[in-house]
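Keep in mind that the numbers below use all heavy atoms, side chains included, and drop hydrogens, waters and symmetry copies.
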Amino acid sequence: MSLTKINHVFMLFLTGFLILNSCSEKKKDVTQRPNILFIMSDDHAYQAISAYSDKLIHTPNIDRIANEGMLFTNACVTNSICAPSRATILTGKHTHINGKINNLMPFDTTQITFPQLFQKAGYETAMYGKLHFGNNPKGVDDFMILPGQGNYLNPRFITKKGDTTVIGYVTDIITDFTINWLDKKRNKKKSFMMMYLHKAPHRPWWPNPEKFKEFTKKTFPEPETLFDDYSNRGTAAKTAEMNLLTHMKYGHDSKISPKTIEDMGGVEPKVPSINGFNHAYDRFNEEQRKLYNPVIDSINTWFKNNWKTLNDKEKMQWKYQRYMQDYLGCISSVDDNVGRVLDYLDKSGLAENTIVVYTSDQGFYLGEHGWFDKRFIYDESFKTPLLIRWPNQIKPGTTNDEMVQNLDFAQTFLEAASIKAPKDMQGESIIPLLKGENEKWTRDAVYYHYYEYPGEHTVKRHYGIVNKAYKLVYFYHDINEWELYDRLKDPQEMNNVYNNPDYTDIVKELKIKLEALRVKYKDSKALDQKYINMSVKE
């Protein structure tokens, strides 16, 4: 064979080798992209995670994520209500852009969601648990989602193969199916993006039987602002309907049966109520009722014997304890089950290449200002827990206080997976913060807008700007009021200093910045009026 032919054969061999090697490297890169496990609970207050505060509950498993990763102390939402928050997370856009401004308005289904982009990029995708809106989540290879709010006991699930009811406790069931998917159902040759979404601790709160028995024996410290009279705040705080004494329902929330109320000839204060007790209790099978009944009976016996002798302060305190017992009992189960999933990741070897995120769809009031629920821009509602673990990328045990939002999740996950984010997403990737490169973070303030008024809890429409030092809020529609809070001097937000002359320059500066944010995020007075008009038509 001539030298020329030998060189030609060698070049063909070398070219083939390089092509095969290139393909192998590409395949290797695909399989080595990080997995993402996104864990979200519903209405889980940051105050009820011991990594933030251990006053109410110990959550060792959720804390593990912070101990092995990063805890965000200023994470917040764009609109503190369930379905809109989830739409923002999926799209990386404010609710006035994706259409889901409240729980009733339809989601704009033409919007691209980040699971679709992961699926297109070759990730295996799945969603198990509570989505809250839509029966056919886009961009997921497999799903089992609760219809609407779902149920704590014997929940029904929507699946690709049709609806199915599963006997048991919802937090355990969602976890069982999540671990089963990770272990047996997914394509193990692909990286995965899994959304593990808890119903708990959404109202009405039903712990599992063991937690129900355990937590009703506990007493919890009262918040300093439990008896807030809103004297230094505006109309919105004074007219909201989320007070523990006057708005928390006896059956729906406190587990007082309709028969008890009837036997007592009614109770005060009268609370407009649906029969939420039977709505849940009627789902229980006989075996489950036997487990719950002793505790339910003890609560009702005490109530029947004591309620009418209590003054309003004592009634408020009793309702607070009953609230915390059930709410925190639900969270304890969430923590147990998060631990099961983290243990599985460790034992399976997946932990090393899996980003684990724990968050909530928003914050929640745990008696602060006498309230339950959320919706307001005030901190307990506005701030949300955010804990992220990413081995070899995040320094374990770190804390970050930058103003990050649920608006940022989509772009963060996409960048972590080396997937290009659409230009119309409105958040910012927090990858620089995760890697300790805080100097690359440019945002110093966030934008918030709440719309669901008139509506449940009658929290008035408002929007605002929040930075580390101040919070400026505008309440509109049927009122025209401004509020300013000094977050450093008044962390409990008890005093509106908008009209304090010492803050005149700050008000002027924040109003300019607020208007700039509205322009940046394509919000406007015209949109405000559009959504008011649409709510009237409903």
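Salt bridge Asp408/Arg443: present, at least one basic N to carboxylate O contact under 4.0 Å. Taking a cutoff of 4.0 Å between a charged side-chain nitrogen and a carboxylate oxygen, Lys471 and Asp379 qualify as a salt bridge. A salt bridge does not link Arg203 to Asp373: none of the charged nitrogens lies less than 4.0 Å from a carboxylate oxygen. Ion pairing between a basic and an acidic side chain is recognised when a charged N comes within 4.0 Å of a carboxylate O; Arg86 and Asp42 show such pairing.
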Could you list the donor-acceptor pairs under 3.5 angstrom formed between side-chain atoms of residues 389-396 and any protein atom two or more places apart in sequence or on another chain?
from, atom 1, to, atom 2, distance (Å)
Arg389, NH1, Glu68, OE1, 2.6
Asn392, ND2, Glu352, OE2, 2.7

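Within a 6.0 Å radius of NZ in Lys468, more than 12 heavy atoms belonging to other residues, nucleotides or ligands are found.
Counting only residues at least two apart or in different chains, ring-ring contact (aromatic ring centres under 6.0 Å, His included) contacts with residues 76-101 comprise His94-His96, His94-Tyr447, His94-Tyr521. Here salt bridge (charged side-chain N to carboxylate O under 4.0 Å, His left out) pairs that include residues 87-112, with residues two or more places apart or in two chains, are Lys93-Asp424.
With sequence neighbours left out, the salt bridge (Lys or Arg N to Asp or Glu O under 4.0 Å) criterion links Asp336 to Lys211. Not a single salt bridge (Lys or Arg N to Asp or Glu O under 4.0 Å) links Glu124 to another residue, sequence neighbours left out. For Asp505, the salt bridge (Lys or Arg N to Asp or Glu O under 4.0 Å) test picks out no residue, with sequence neighbours left out.
A heavy-atom distance below 4.5 Å is found between the side chains of Asp43 and Gln362. For the pair Tyr378/Glu483, a side-chain contact is recorded, criterion being any heavy-atom separation below 4.5 Å from C-beta on.
Pairing each heavy atom of Phe376 with each of Ala236, the nearest pair is CZ-O, 3.5 Å.
For the ring pair (Phe, Tyr, Trp, His ring centres under 6.0 Å) criterion with Tyr463, the lone passing option out of Tyr476, Tyr450, Tyr448, Tyr531 is Tyr476.
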